[in-house]
There are 2 protein chains.
Amino acid sequence: MPRPRSPLLSVDAIVRAALFLVDSTGDFSTPKVAKELGVSQAALYNHIDNREHIIELMRGLVFSERQHLDTESLPWDEALRTLAHEYRDCLVDHPRLVPLLVAQTVRDLGVMRIYEDMATVLAKAGLAPSAIVPAITTLDYLVLGSALELTAPEVVWSPPQGLFPMLSEAIADLGSPAERSNTAFSFGLETLLAGIRQVTKTGF
Amino acid sequence: MPRPRSPLLSVDAIVRAALFLVDSTGDFSTPKVAKELGVSQAALYNHIDNREHIIELMRGLVFSERQHLDTESLPWDEALRTLAHEYRDCLVDHPRLVPLLVAQTVRDLGVMRIYEDMATVLAKAGLAPSAIVPAITTLDYLVLGSALELTAPEVVWSPPQGLFPMLSEAIADLGSPAERSNTAFSFGLETLLAGIRQVTKTGF
DNA sequence: ACCTGAACACCGTTCAAGT
DNA sequence: ACCTGAACACCGTTCAAGT
C-alpha cells in the first residue's frame, strides 16, 4: 500500500496517539505509535523528526488547551493564582507526561506565553526585575511537581516500623494522590504569594 | 572466565559505574555499565534486580553522602534552611540524575531521613499537622527543580523576536545555569519560609 | 509527497551451561 | 555463588524502493 491519495498520517494524529499511550501506559515508543495508527514505523519519519520532537509536540498540544482568562483587571496575587491554576490544569489530565517533559528543555511557545503573562503580573506586583525569573521558576517547579504527585501510588513514603515517627504521624491522615496534589499545590502557591508580598516590601 | 575466586562485581561497583555514566552522558544502560566494568551484560543480574533497582540505588548513594549538621539548637527557619541546603547539596554534583529520580517513587531510607528531619522542624515551627506534608512536598519540588536547572543549556527560554517583551527583559541579565539555579532555589526557599511564618500566625 | 519492508545498532532481561 | 555466551522481544532511525 504505497502513497495513498489522501495521507494516512499527520503530525496531529501522531502526537495524539503518543499522548494516548503516555496517558494509558506511562510511556510511548515509535513502534507502538505506528501500530496504534496502523502504519509502518518508518512512516512516522515523514512527519516528525525524532522521539524528542514528538515529546515537544505533546507539550505544545497539552498547553494549547489552556484557558485564557482575563487577568488584567485583577489584583496581582489573584491574577497570579489564576495563571498558576490555568498552567496546572493543563497537566492534571496528563500527569504521566511530566517525567518526559522534565527531561527536556522547553521550546514550546504556549508555555512561553504563560511565562510571559506571569512576568507581566509579577512586574505589576512590584517585584524587582532580578527576582522575576526566580519567581517564575519556583512556580514552574511547583506546577510540575504537584502534577507529578498525581502519578504517585496511593500509599507513598511508607516508612518502615516506626523509624520515622514525625513523618508517620504527618502522613497518617493524607488523602488520595489527587487530594495530596491539590493540597500541596495550594500550600506552595499561597506561601509563595505570601513570600512575594513580603519580598516586595522588604526587598530581596 | 567462569566464577573467579574473588567476585569481579559488586552492587557498589555497578551503582558507581551507572552514576558515572549518568553524570557524564546524561543516561545509562545495562550494556554500557557492563562494558565499563569489563563483564558480560548478564553478570549484572547476579547483583541487581533490574534497571529501576539501579536507579533506586543511585538515589541511595547520592543521599548517603549528605552532611548531617546539628539543627537541634537552631531556630526553626534556620534549621529548615540548613536541611534544605543539605538536601540540595546532594544533587548539585549529579543534576543529570534528577530526571531519572523524578520518574520513580522514593524507596530510599536516606531521603526518608531528610523528610523526617524536616517534619520535626516544621512541627517545632508550629505548623499545623495537616500542613506538614504539603510543606515538605513543596520543598521537595524546589530542591529537585532547582537541581534540574543545572542541566539546562546556557541560554534557556530564548523567546523569538520580541513576542514576549516582559520575559525577554527579565531574562536579559541572567547568569549561568549554576547562578540561576542558586538564585531560584534561594528565592523559593526564602519565600517558602516567609509563607510558613505567615501561615503559622494566621492559619491555613 | 508519502508510504512499505528490510535493515542496523542498541536496549533490558532470561536462561542454560560452566566452575 | 557468580560468571559467560546465546538468545529474545523490543526500541529508534535510516534507506532503497514503490507510486
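Quick note on labels: first sequence line is chain A, next is B, and so on, each numbered from 1. Worth knowing before you read on, the calculation uses all heavy atoms, side chains too, and leaves out hydrogens, waters and symmetry mates.
For the pair B:Arg96 and B:Phe28, the cation-pi criterion (under 6.0 Å, within 45° of the ring axis) is not fulfilled.
The partner of D:dC15 is C:dG5, by the rule that a Watson-Crick or G-U pair needs both atom distances under 3.5 Å. Nucleotide D:dC10: unpaired (no Watson-Crick or G-U wobble partner with both distances less than 3.5 Å).
Separating the NZ atom of A:Lys32 from the P atom of D:dA9 is a distance of 15 Å, rounded to the nearest angstrom. Rounded to whole Å, atom P of D:dC3 lies 12 Å from atom CD1 of B:Ile48. Computed from coordinates, the B:Asp27 CG to C:dC11 C1' distance equals 11 Å when rounded to whole Å. Put simply, OH on B:Tyr45 is 17 Å from P on D:dC8, counting in whole angstrom units. Across the protein-nucleic acid pair, A:Asp49 atom CG and D:dT14 atom C1' stand 14 Å apart, rounded to whole Å. As rounded to whole Å, 18 Å separates atom P of D:dC11 from atom CD of A:Glu52. The separation between B:Asn46 atom CG and C:dA16 atom P is 15 Å, rounded to whole Å. The CG-P distance, from B:Asn50 to C:dT14, rounds to 8 Å in whole Å.
Considering only the side chain of B:Leu9, D:dC3 comes nearest among D:dC3, C:dT4, C:dG12. Each of C:dT4, C:dC2, D:dG12 was ranked by its minimum atom distance to the side chain of A:Val39; first place goes to C:dT4. The side chain of A:Ala43 lies closest to C:dC3, out of D:dT13, C:dT13, C:dC3. Side-chain proximity of A:Ser40 to C:dG12, D:dG12, C:dT4: nearest is C:dT4. Proximity note for B:Arg51 (side chain, C-beta onward) versus C:dG12, D:dA6, D:dT13: the nearest is C:dG12. Minimum atom distance to the side chain of A:His47 is reached by C:dC3, of the listed C:dC15, C:dC11, C:dC3.
Across all strands, A:Leu44 comes closer than 4.0 Å to no nucleic acid atom at all (heavy-atom distances). Using a 4.0 Å heavy-atom criterion, one finds that A:Ser29 contacts the sugar-phosphate atoms exclusively.
Each of A:Asp117, A:Leu69, A:Leu122, A:Leu139 was evaluated against A:Leu83; a single residue qualifies, A:Asp117, per the side chain to side chain contact (heavy atoms under 4.5 Å, CB included) test.
The number of heavy-atom neighbours closer than 6.0 Å to CD of A:Glu78, taken from other residues, nucleotides and ligands shown, is above 12. With a 6.0 Å radius and a threshold of 12 heavy atoms from other residues, nucleotides or ligands, A:Gln104 has its CD atom above the threshold.
Between D:dG12 and A:Thr30, a contact under 4.0 Å exists linking OP1 or OP2 to a side-chain N or O.
Side-chain polar atoms of A:Tyr87 and A:Asp140 form a donor-acceptor pair below 3.5 angstrom.
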